[in-house]
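Notes for the one structure printed next.
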There are 2 protein chains.
Amino acid sequence: MTTGVRRRMGVEERRQQLIGVALELFSRRSPDEVSIDEIASAAGISRPLVYHYFPGKLSLYEAALKRASDDLAARFTEPHDGPLGARLLRVMRRFFDFVDEHGPGFSALMRGGPAVGSSTTNALIDSVRQAAYVQILSHLGVTDPPARLELVVRSWISLAESTALIWLDGRRIPRAELEVQLVHAFAALTAVSAAQDAEMAALMRRIAQAEPADGPFADLAGRLPALAT
Amino acid sequence: MTTGVRRRMGVEERRQQLIGVALELFSRRSPDEVSIDEIASAAGISRPLVYHYFPGKLSLYEAALKRASDDLAARFTEPHDGPLGARLLRVMRRFFDFVDEHGPGFSALMRGGPAVGSSTTNALIDSVRQAAYVQILSHLGVTDPPARLELVVRSWISLAESTALIWLDGRRIPRAELEVQLVHAFAALTAVSAAQDAEMAALMRRIAQAEPADGPFADLAGRLPALAT
């Protein structure tokens, strides 16, 4: 709230303000539970004025989701410096930051509640998954991924999503543990694929050889033997 | 097609026939592309008669999905005999049989196309996931799962789903390899969780000690050391 005379906003500025207000509300509670009246009230404008900028709640929801998707995709960008395991761990931290900030909205979206599931929202979800996939391949230095690598990377991305959703449901496990766990899971799923395929085994050796002894990938390799005893 | 006089079906018999015909069509192509006319024609009855039994395509789709869900959940049932890894591999084979039989419909459903995503379809999907979860816990002999075990099992179930979806998109990897890979992934994700948690480590040791040297779990353990060289 600013004191004094309210400045008149331009069209695009008002749209951006409404998107921000809506995203805040959609993030904190399931989007089904957020009304246009509430958004209008939080933005300090009338309900008809909201409809002047957005024809309905779905279009405002989609605009808010677009902003959140761009935000999340941007968090996947990581400098190509240092060990891969450490890079992935930093990205996992930023991913859980995002999930933490947008918990109820993220859950409702990914679980496919009634207000979501439009072709636009599905396309936005897919675009974020694709951004994650492209980033991971670029860090692996692979431009033309074999089918098994594509499967490992894409199925690991879905594992990260489901892990975040399960975490949100009660937050019974410290998120820092899950961030490390997902980095370890990436190495483990690569190893599982490599156990059946020579090309994946070669990729895995290349990754492992570049990892330092104190990185998260080596950390897992160091802990596993103790489990077998 | 039977020759001779067409027998008049009772109401429930006709409903079940329509569900079977619809499930067949919804399995082979995306449900969006299947019309009521086509279902009527395949069932050998008129379009108005289809509407007599089902008020619309969604209700027929939901009934077909209910039958498919019951079928899939039944395939998770496995005798509590022999090593866990071998049991899980048999279930994975039946899971891929199901995915193979219902490919396009399974993809459309799980990717959340426009004709799907109702609260009924979401509830059916959740009920199948829950059936898988309950079966796995019963085979592990766990009645009150700690949070980390729940996370491993539920996130592995989502990994199995995404693996099947990626397989369906081009079938570029032999399904038998992926069936083994998912069994290995279960062991690997349990190991990853166990690397950070003593309770999971104890569970993992209990499982590993009961596995035979020629089972799929031991098979993975035998292959991994070769990757590190």
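First the proteins, then the strands, lettered A, B, ... as listed; each starts at 1. These numbers come from the heavy atoms of this one structure, side chains and all, not from hydrogens, waters or symmetry mates.
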Given B:A202, B:A147, B:P146, the one with more heavy-atom pairs under 4.5 angstrom with chain A than any other is B:A147
Tell me, side chain or backbone of A:L189 under 4.5 Å from chain B's heavy atoms, or both, or neither?
-> side chain
Salt bridge check: are A:E101 and A:R75 linked by an N-O gap of less than 4.0 Å?
-> yes
Residue, of A:A187, A:G170, A:S158, that accumulates the most heavy atom pairs under 4.5 Å with chain B | A:S158
For the atom pair CZ (A:R175) and CG (A:L182), what is the distance rounded to the nearest 0.5 Å?
-> 11.5 Å
Greatest number of heavy atom pairs closer than 4.5 Å to chain A - which of B:E150, B:R154, B:E161, B:R148 | B:R148
Does any non-hydrogen side-chain atom of B:D100 lie less than 4.5 Å from one of B:W167?
-> yes
Are the charged groups of B:D70 and B:K66 less than 4.0 angstrom apart, N to O?
-> yes
